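Data block below; observations after.
What you are looking at is a predicted structure, and each value in this text was computed from that prediction instead of being measured.
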Amino acid sequence: MEGNLNQMLLMWGIVIFFSVFLKKLSVRMGLPMLLAFLFLGIVFGSDGVFKIPFENYSLAENICSFGLIFIMFSGGFGTSWKEAKHISKEAMVLSTLGVVLTAVTVGLFCMLAFNLSFSWGLLLGSVIGSTDAASVFSILRSRKLNLKDRTASLLEFESGSNDPMSYMMTLISMLMIQGDLSFGQMLGMLFAQVFWGLSVGFVVALLTQYLMRKVDVSGDGFDFVFVLGSAVTAYSLSSVLGGNGYLSVYLTGMILGNGKIKEKKEMVSFFDGLTGLMQLVIFFLLGLLSKPSVLPHVAFQGLIIFFFLTFIARPLSVFLLMRFFTSSKNRNFLISFAGLRGAASIVFAILAVESLGSGDFLFHLVFFIVILSILFQGSFLPKMAGRLDMIDDQSDVMKTFTDYTEQKPVQFIEFIIPEGHHWAGQLIKDIITPPDTPIILVERNGEKELPRGDTKIQEGDRVVIGSAKSTMASDLDIVELEVDRDSVYANKTIAEIPRDEMARVLLIERGKEIVIPNGNTTIAVGDILVIYRLNE
């Protein structure tokens with residue numbers, strides 16, 4: 001048992017190691033990173049080089065569904081509502097009615113082209129009805145694809161929020177195939193999915209925000225763990241109540257990501273990394289589950305369905321629904337082309353295979369369509385945006401994410417007023433500070449105050465000063481020196497150390513303490529001296 005576990009850990013370590021190099025290679029070649037993960041899985045799979053047998057659809061579904069929780073949460077958490085609110089109506093229409101129209105259109109086409117029943121055609125259309133947030137986010141960020149008319153925000157919001165509708169349509173079509181669904185039951189299930197999905201997501205997000213304000217969970221990463229717990233809670237509670245867990249977790253992520261919580265920018269980076277890891281796991285697992293020898297048998301149907309989906313079904317739904325909004329023809333064409341399929345489609349296909357016992361044909365068909373979508377649309381999306389004159393050099397796509405911050409030339413300096421300091425007892429208006437360095441915050445006994453001119457400074461106050469940030473002077477170097485027993489600095493005061501006209505001690509790091517020295521400060525063994533030195 002232990003040997004099998006070690007072998008599995010070794011395999012995952014090798015996979016993660018190679019993924020780093022594949023990411024660099026994919027960027028140079030202009031190919032989406034997700035293809036590299038799929039390729040790795042295929043290489044390790046039963047038809048690949050390492051020939052690892054893996055056919056456990058149930059395990060794959062559980063692992064992938066768990067990964068999707070964090071991918072969808074991260075999608076909501078990283079989407080800036082400030083930018084998205086301007087296109088929210090368009091995005092919500094596309095992520096709901098757009099998915100339904102796409103699924104029905106593809107279902108009717110499959111019924112006519114391949115002599116399938118409408119229920120099976122609708123199942124296929126539902127599985128591939130949503131666009132992939134991870135793929136869209138990755139391309140927009142990595143290529144810095146700045147698009148006109150808030151198109152980037154629209155694509156992000158739509159792709160991040162349309163998986164729940166695709167999931168609902170998949171469940172409905174599976175129940176239709178099994179003959180267990182009347183029209184009244186379908187409406188009831190839809191209502192429960194939406195009602196509980198929205199309600200649970202909203203309540204969990206507000207409760208999380210409240211607890212993070214009232215209970216100090218910061219420090220040592222526990223605030224990150226707390227937010228992760230809210231994502232899992234939102235999904236599981238909604239699912240238990242009969243709601244759409246993916247809808248809940250996306251809504252929870254969006255509310256938290258756009259709310260006032262500590263270390264939000266760091267959390268966005270954390271969830272980006274977690275999403276990348278989940279993508280690696282999901283796509284590697286899907287590649288491992290696939291059998292390339294089966295792909296030629298689904299290639300003909302896959303090519304036809306892909307071209308119909310990409311050039312007819314998706315554009316038809318986009319152009320039809322965008323008639324209700326102000327949107328140019330070029331913008332609609334780009335929105336249509338940017339409908340990449342990804343992990344969610346394959347995971348929903350696994351769900352259908354596991355529930356219906358339909359063999360692996362559906363899985364490999366969807367797998368083939370997703371590969372085509374990532375390879376074709378993912379590679380040519382930047383060029384298509386250029387051809388349609390939708391590139392906007394005056395905007396910044398990074399503003400559409402909640403970790404975006406404007407670079408302002410401001411820095412802050414803080415210190416505690418020591419006993420006997422000449423500022424103690426003075427009014428702020430009487431204190432002479434360097435030019436353009438106002439005192440902007442005073443904290444006394446835990447109470448923070450935005451000071452005015454008549455605010456009196458007292459001993460023990462924490463004072464924050466704002467100043468213009470400048471670049472490092474080119475004629476100065478900063479060096480660090482650790483003091484050992486043989487150092488000429490050891491156990492001497494600043495005034496006693498050998499004089500160097502070219503260097504001065506700026507500060508001393510003593511354990512966790514930072515000391516700003518004066519002539520009487522004694523340097524101890526183990527201190528780290530931060531020295532600024534004049535370049536010759």
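With sequence neighbours left out, the side-chain contact (heavy atoms from CB on, under 4.5 Å) criterion links M384 to L334, F337, L388. A search for ring-ring contact (aromatic ring centres under 6.0 Å, His included) contacts involving F325 returns nothing, not counting sequence neighbours. Residues satisfying the side-chain contact (heavy atoms from CB on, under 4.5 Å) criterion with S317, sequence neighbours excluded, are L101, T102. Taking D132 as the reference, L34, A134, S135, A343 meet the side-chain contact (heavy atoms from CB on, under 4.5 Å) condition, with sequence neighbours excluded. Residues satisfying the side chain to side chain donor-acceptor pair (under 3.5 Å) criterion with N56, sequence neighbours excluded, are absent altogether. Taking the side chain to side chain donor-acceptor pair (under 3.5 Å) definition, one finds that S345 meets it with nothing, sequence neighbours left out. Listed by chain and number, the residues in a side-chain contact (heavy atoms from CB on, under 4.5 Å) with Q178 are L175, D180, L356 (sequence neighbours excluded).
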What pairs of donor and acceptor atoms, side-chain ones from residues 163-170 against any protein atom, are under 3.5 angstrom apart with sequence neighbours left out?
from: D163; atom 1: OD1; to: S130; atom 2: OG; distance (Å): 2.8
from: S166; atom 1: OG; to: S126; atom 2: O; distance (Å): 2.5
from: T170; atom 1: OG1; to: S166; atom 2: O; distance (Å): 2.8

Side-chain donor-acceptor distances from residues 364-376 under 3.5 Å, at least two apart:
from: H364; atom 1: ND1; to: D360; atom 2: O; distance (Å): 2.9
from: H364; atom 1: NE2; to: K291; atom 2: N; distance (Å): 2.8
from: S373; atom 1: OG; to: R341; atom 2: N; distance (Å): 2.9
from: S373; atom 1: OG; to: Q377; atom 2: OE1; distance (Å): 2.6

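Residues Y250 and F73 have side chains not in contact (no heavy-atom distance under 4.5 Å, counting atoms from C-beta outward).
The stretch residues 368-380 participates, sequence neighbours left out, in no salt bridge (Lys or Arg N to Asp or Glu O under 4.0 Å) pair at all. The salt bridge (Lys or Arg N to Asp or Glu O under 4.0 Å) pairs that include a residue from residues 301-315 are E158-R314, where partners are two or more places apart or lie in different chains. Listed by first and then second residue, the ring-ring contact (aromatic ring centres under 6.0 Å, His included) pairs involving residues 145-164 amount to none (not counting sequence neighbours).
Atoms CG and CG, from L206 and L256 in turn, are 8.5 Å apart once rounded to the nearest 0.5 Å.
A salt bridge links R331 to E90: one of the charged nitrogens lies within less than 4.0 Å of a carboxylate oxygen.
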